[in-house]
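All remarks here apply to the structure that follows.
Numbering of residues begins at 1 and proceeds along the displayed sequence. Worth knowing before you read on, the calculation uses all heavy atoms, side chains too, and leaves out hydrogens, waters and symmetry mates.
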Amino acid sequence: MQDERATAPTPRWLIIAFAVALVALLGWLGWRAGRAALYGRAALADLDRLQAALDDPSLDALGRVGTDLGSLETHLVEARAAAGPFLRLAPHLGWAPRFGPDLVAAPQLVDMAVELSRAGTIALEVLAPIADEVGGGGGLDALPAAVAALEASAPRLAEAREHMAAAAQLRATLPPPAEPRLVAQLDRLDPLLPLAADGLELVQLAPALLGAQGPATYLLLAQNNHELRATGGFISGAGHVTVDRGRIVEMVLADSYAADNFEQPHPAPPAPLTKYMAAELWLLRDSNWSPDFPEAAEVARALYAQDRGVATGGAVALDLEAVRLLVAALGPLSVPGVNEPVTGDNAIAWMKAAWQSPVGATAGPETGGGGEAWWEKRKDFMGELVKASLAALQGGADIDLAALARSLLAALEGRHLQISIDEPRVAAALAGRGWDGGVRPQAGEDFLLVVDSNVGFNKANLLVQTALDYTVAAAAESPEIGGPEATLTITYTHTGRPGAEATCDRAPRYAETYDGLAQRCYWDFLRVYTAGGATLLSAEGLQDAVSEPGERGTTVISGDFVLRPGEQHIVTLRYRLGPGVAAAPYRLQVRKQAGTMAVPITIAAGACRAGETLATDVRFECPAIAP
C-alpha cells in the first residue's frame, strides 16, 4: 500500500515562510551591499583627497591629511562590516572570469587598507603637532619640546608600527592581482611600505639620537666629489655636532687638514695611498678609502678621537650634491660678505668662488700653493654656510618640512648623504634602506660596484664622464669549472679642454682658479667589486691589474690609468663569476658609488637586456642564462 505521506503537498504556510525568508535574506543582503557601496564610495573620496595631498605635500596640509586618514579608516571599517557576508564568500570565487583573482584577494586588501589607515592616523596624531611647531616658526628651538613629546608618545608610535607591520604581512601574502588599476596602485604602494615602517622606527629612536639620555656627539665629514674617493669624495672638511635633549650645544666644521695632530701616532695608510700619493701616514682626510661607509667611518672616528680628543657615536658624510639639495630646501640663505643669497641654483658656484677668493685673503691660489692667508681662509665658507643654515633652521622663519624631507630622501637614496650610527636599532634601520652606505652583496646573486678614486691631487672628476656596459654569458670555455663569464666595459671621457695640461703631472699643486684644478689629467685608481670567488681572465686599459678578496666577502679587481683632458679611455675587464652566483634565475645588484651622479649602464644577460642610470642602486633579473 502506497504511503500517502510521501505524496502529500508541501504545506502552503511553509512555502510562504520560505519565500518570506528568501525575500528577507535578499533584502538584508541588498541592504548590506548598499551600505558597503555607500561606505566604499566615501572611502574612495577620502583616497582621492589623500592622493591630492601626496601629490603636493605641505606642512599646512598635515592636519587635513590626518582628518582624511581618520575618515578613511572609519569608512573602511564600516564598509568591511557591511560587506562581511560577501567577503567571507570571496575566497571561493576564484573561478569568476577576469575578476576572480581580485575577488579572492578582496578580504586581505580591505584588511590591509584598514591597518594602513590606522597606522597613518595614529602617526599623524603624534607627529602633526610636532611638525607644526618645528616648521611653523619654532625651528630648531622647538626640538627640545619635540624630543619630550616623542618620548611621551612612544607607546602610540609603537602601536602605529604594529599596524604597519600587520599591513606589510598582509601585503606579503596577497596573491597577484589581475585588474591593471589595482596593479598600478600596489606598485606605487610597495616601495612606500618599508619606507614608512623604517620612518616610524627612526622616529621612535629619534629621542635617543637627539640626546634624550645625555649628550650625543656625531662626526661630520664634508666630501668633495669633484675629487672622487671611495665613499663620495676627498674629505675636505671635518668636525662634529653635539646634541643634548634636542638642543645643539656644539657644532664645528672646519678644514680637514686642521684635524691632524702629528704628536699622535698614526697607522700606515692602505698601500695604494702610499704607492700613488706618497702618503706616509693614514690621516683623517684620506680615511674613506673603503667604499663600505660603516668601515670607513670607523677609521675616521678613531682618527678624529685620537687627534682631536672627541669621541663620537656615529658619523654623517655629505657631498656637494647633498649640500646643494639641502640649500635648495632651506634657501635662500644670507651669508655674511655675500652680495646675493645662496640658493640651490648657485650654491656650487658660490662655494667654488669662495674657495678661490675667500674674504680676508688678498692673494688667491697660485701654482706655488697660494698665500698663507689664502691657505688659512680657503675653506671658511664651510663654517659660514653652516651658520647660515642653522640660522634658517632656528625659530623665526617658516621651514618647508616637506621640501626638506624630499631633499634629505633624495640625498640618502642617491648616496650623497650617508649615516653610520652605533645604536644597533638605528644601524639596522639605516642598513635596511642602504642609507648607511654599506657594501652588502646578496648570497647567490651577482654583484657589481665600480669604485673610482682620484689619486691625482686635483678636481678632474668635475669634467670626467663615465659609462658602463656589463654583459654576462655562458662560459665560452671550460664551463664545468666555474660560473658564467662577465665582461665589464667602462668608458671614461674627459670633457676638459684638449691640451689643457701639456704633460701629465701628479705633483700636488694649485691652479689660479678652482675650475683650473679640473683641467688636469685624471689619475684614477679603479676598483671593481664583484661577488666572491670571481676569477680575472683579462684586463685591458688598466695598469698593474690584480684580483684579490675585498670587503664583505667580495672579490675586487683593481688597477690604475691616466686620462688626459679632451680624451677618452676604455677599460675592459673579463672575469668568470664565482660558483655561488646562480645562472637560473640570474640576479644582479649594481651598487652606485657614493658621490657619483646618474652614470648610464647597459646590462645584458643571456636574452635579457636593460638600460639604466645609476642615480640609485639598480637591480636586474633574468630567468636564466642559457648555456
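Under the side-chain contact (heavy atoms from CB on, under 4.5 Å) rule, His240 has a single partner from Arg308, Glu250, Met251, which is Glu250. Asp617 pairs in a salt bridge (Lys or Arg N to Asp or Glu O under 4.0 Å) with only one of the listed residues (Arg415, Lys592, Arg440, Arg433), which is Arg415. Checking each of Glu295, Gln223, Gln418 against Asn288 for a side chain to side chain donor-acceptor pair (under 3.5 Å) leaves exactly one that passes, namely Gln223.
Taking the six-membered ring wherever Trp is involved, the centroid distance between the rings of Trp374 and Trp355 falls below 6.0 Å. Between Trp375 and Tyr257, the distance from one ring center to the other falls under 6.0 angstrom. Between His226 and Phe234, the ring centre distance reaches or exceeds 6.0 Å.
Note on residues 208-220: no pairs pass salt bridge (charged side-chain N to carboxylate O under 4.0 Å, His left out), not counting sequence neighbours.
In this structure, Gln356 contributes its side chain and Tyr514 its backbone to a donor-acceptor pair below 3.5 Å. The closest donor-acceptor contact from the side chain of Gln593 to the backbone of Thr596 lies at 3.5 Å or more, if one exists at all. Side-chain atoms of Glu201 never come within 3.5 Å of backbone atoms of Ala428 as a donor-acceptor pair (strictly under, hydrogens ignored). Using a distance-only test at 3.5 Å, with no hydrogens or angles considered, a donor-acceptor pair links the side chain of Thr173 to the main chain of Leu170.
Dense packing is recorded around CD of Gln213, with more than 12 heavy atoms of other residues, nucleotides or ligands lying under 6.0 Å away.
Under 4.0 Å is where a charged nitrogen must lie from a carboxylate oxygen, and between Arg156 and Glu159 at least one such pair does. Between Arg80 and Asp111 there is a salt bridge, with a side-chain nitrogen of the basic residue lying less than 4.0 Å from a carboxylate oxygen of the acidic one. In summary, Arg527 and Asp452 do not engage in a salt bridge, as defined by a charged side-chain N under 4.0 Å from a carboxylate O.
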Open item on the list: Under the criterion side-chain contact (heavy atoms from CB on, under 4.5 Å), I'd like the reasoning laid out for Asp515 against Leu462: C-alpha separation, chi angles, the key distance, then a yes or no.
Closed with: CA-CA 8 Å; Asp515 287 338; Leu462 180 61; 3.7 Å; yes
TODO: Verify side-chain hydrogen bond (donor to acceptor under 3.5 Å, both in side chains) between His266 and Asp307, making sure each step is shown before the conclusion.
DONE: CA-CA 9 Å; His266 288 76; Asp307 289 1; 2.9 Å; yes
- [ ] Determine, stepwise, if the pair Tyr218 / Leu209 fulfils side-chain contact (heavy atoms from CB on, under 4.5 Å).
- [x] CA-CA 10 Å; Tyr218 306 101; Leu209 293 175; 3.7 Å; yes
Task: From CA spacing to verdict: side-chain contact (heavy atoms from CB on, under 4.5 Å), Leu326, Leu318 - done: CA-CA 10 Å; Leu326 295 175; Leu318 68 168; 4.3 Å; yes
Open item on the list: One pair to check against side-chain contact (heavy atoms from CB on, under 4.5 Å): Val451 and Trp289. What are the steps and the verdict?
Closed with: CA-CA 10 Å; Val451 177; Trp289 188 249; over 6 Å; no
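With contacts defined as side-chain heavy-atom distances shorter than 4.5 Å, the pair Val439/Phe447 qualifies. Under the 4.5 Å side-chain criterion, counting only non-hydrogen atoms from C-beta, Met351 is in contact with Leu385. The closest side-chain heavy-atom distance from Ile248 to Thr242 is not below 4.5 Å. Under the 4.5 Å side-chain criterion, counting only non-hydrogen atoms from C-beta, Leu220 is in contact with Val241.
Between Glu413 and Thr616, the side chains place no donor N or O within less than 3.5 Å of an acceptor N or O (distance only, hydrogens not considered). Judged purely by distance below 3.5 Å, without hydrogens or angles, the side chains of Arg301 and Thr312 pair a donor atom with an acceptor atom.
Trp282 and Pro270 make their closest contact through CE2-CD, 3.5 Å (heavy atoms, listed as atom of the first residue, atom of the second, distance). The two residues Ala238 and Leu284 make their nearest non-hydrogen contact at CB-CD2, 3.5 Å.
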